[in-house]
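Because only heavy atoms are used, hydrogens play no part in the values below, and waters and symmetry mates are left out as well, while side chains stay in. Just so it is clear: chains get the letters A, B, ... in the order the sequence lines come, proteins before strands, and each one is counted from 1.
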Amino acid sequence: MPELPEVETTRRGIAPHIEGRRVTGVVLRRPDLRWPIPREVAELLPGQVVDSVDRRAKYLLLNTSAGTALLHLGMSGMLRVLPADTPIAKHDHVDIAFDTGSVLRFTDPRRFGALLWQMPGETHELLEGIGPEPLTDDFDGERMYQLSRGRTAPVKTFLMDNAVVVGVGNIYASEALFAAGIDPRRAAGKVSRERYLRLAQEVKRILALAINRGGTTLRDFLAPDGAPGYFFQELFAYGRAGEACKVCGTPIRVVTLGQRASFYCPHCQR
DNA sequence: CCTGGCCCCTGCAAGC
DNA sequence: TGCTTGCAGGGGCCAG
């Protein structure tokens, strides 16, 4: 489900309800999601005030003085702030209750999501060594160009590599390459500096625009307030196989790259 | 080091 | 209608 814009939309949705609020209890309805849920979540989080809700890559970080809860939504995860007495539904795996009478409820049918813990001053090993945030100046086309030299993997796979830049998933990789006019199958090492400069610009523009639209709802993504993401209407490539390119009318094609469906216009992208 | 493939899991839609 | 198959927004891990 969620790429960076959807995770950021989720962050903005939950933050006003839980920042500055005290956790009164944690309910784990199963001991694991993708990984076992560390004991610190149940032992240290209750009683803490959530000082801030941050995002790093596709992780949400609930910061407290005792440590940070890391939440990842995987493919199908969803977070909502609900009244504490809201009935439990299937796949409602975790509740974090607050002194406001609300609970932050984590729902995730496929359980590719995660709930982890990071002690104060530490960086979780999964966050070590990952690339820059795409919407900061640490990410630019020059970086992509330098890292890509000699690489034979498709440029789309390269763009989705978390060591290169974080947060760009399957939808926005296709969209950014469309906007930059680059064929997703092209070897990363054979894309020019000039084209990487353009690609980085488009990544930034598209992610910012998608956040502005509340993300992309393909089937089930809803923001914590229940709103769908409206960027779906602005997709040029993703999910449009066989449909006419919105720019030139050529049918959009789909090809599998890195075990992921990749959509492109054979006329606009070279 | 880099690359491609596999796997985790459930739900849904399409095809027979 | 019901069964089977394939696919889905992520990403860690492994062998080559």
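For A/R29, the salt bridge (charged side-chain N to carboxylate O under 4.0 Å, His left out) test picks out A/D95, with sequence neighbours left out. Every residue was checked against the ring-ring contact (aromatic ring centres under 6.0 Å, His included) condition with A/Y264, not counting sequence neighbours, and none meets it. Every residue two or more places apart in sequence or in another chain that forms a side chain to side chain contact (heavy atoms under 4.5 Å, CB included) with A/A210 is listed here: A/P5, A/Y172, A/F231. Under the side chain to side chain donor-acceptor pair (under 3.5 Å) criterion, A/S52 pairs with A/N63, not counting sequence neighbours. In this structure, the ring-ring contact (aromatic ring centres under 6.0 Å, His included) partners of A/F178, at least two apart in sequence or on a different chain, are A/F236. Residues satisfying the side chain to side chain donor-acceptor pair (under 3.5 Å) criterion with A/D51, sequence neighbours excluded, are absent altogether. Partners of A/Q269 according to the side chain to side chain donor-acceptor pair (under 3.5 Å) rule, which considers only residues two or more places apart in sequence or in another chain, do not exist here.
Contact annotation: side chain of A/R110 to base of C/dA8, donor-acceptor pair present below 3.5 Å.
Rounded to a whole angstrom, the distance from the C1' atom of C/dG9 to that of B/dT3 is 23 Å. Nucleotides B/dC9 and C/dC3 are separated by 23 Å at their P atoms, to the nearest Å.
Rounded to whole angstrom, the span from the CG atom of A/L257 across to the P atom of C/dA8 amounts to 12 Å. Distance A/L115 CG to C/dG10 C1': 17 Å, rounded to the nearest Å. Per the geometry, CZ belonging to A/R34 stands 7 Å off C1' belonging to C/dG10, to the nearest Å. The distance from atom CZ of A/F112 to atom C1' of C/dG12 is 12 Å, rounded to the nearest whole Å. Computed from coordinates, the A/L79 CG to C/dG9 P distance equals 20 Å when rounded to whole Å. Taking atom CZ on A/R260 and atom P on C/dG6, their separation rounds to 18 Å, with Å as the unit. Put simply, NE2 on A/H72 is 11 Å from C1' on C/dG9, counting in whole angstrom units. The OH atom of A/Y172 sits 12 Å away from the P atom of C/dG9 (whole-angstrom rounding).
Within the structure, side chain to side chain donor-acceptor pair (under 3.5 Å) contacts touching residues 194-210 of chain A (residues at least two apart or in different chains) are A/R198-A/E202, A/E202-A/R205. Listed by first and then second residue, the salt bridge (charged side-chain N to carboxylate O under 4.0 Å, His left out) pairs that reach into residues 251-270 of chain A come to none, sequence neighbours excluded.
The aromatic ring of A/F221 is not stacked on the base of C/dG9, since the criterion of ring centres less than 5.5 Å apart with planes inclined by under 30° is not met.
Put simply, chain A comes within 4.0 Å of DNA chain B, heavy atom to any atom, from B/dC2 to B/dG11, going 5' to 3'.
For the segment residues 228-241 of chain A, residues with any heavy atom less than 4.0 angstrom from an atom of DNA chain C are, sorted by number, A/Y238.
Which of C/dG12, C/dG9, C/dA8 sits closest to the side chain of A/R219 comes down to C/dG9.
Scanning DNA chain C for stems, defined as runs of 3 or more consecutive Watson-Crick or G-U wobble pairs whose donor-acceptor distances all fall under 3.5 Å, gives the following ranges: B:2-8 with C:10-16, B:10-16 with C:2-8.
Proximity of A/T68 to A/W117: side-chain heavy atoms (C-beta onward) are nowhere separated by under 4.5 Å. You'll find the side chain of A/V41 reaches within 4.5 Å of the side chain of A/L115, heavy atoms only.
Comparing A/R111 and A/T152 by the nucleotide of DNA chain B that holds the closest heavy atom to each, the one mapping nearer the 5' end is A/T152. Between A/L147 and A/Q259, it is A/L147 whose nearest contact on DNA chain B lies nearer the 5' terminus.
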Audit row: A/K58, A/E6, salt bridge (charged side-chain N to carboxylate O under 4.0 Å, His left out) steps and yes/no: CA-CA 9 Å; A/K58 294 171 187 164; A/E6 293 74 38; over 6 Å; no
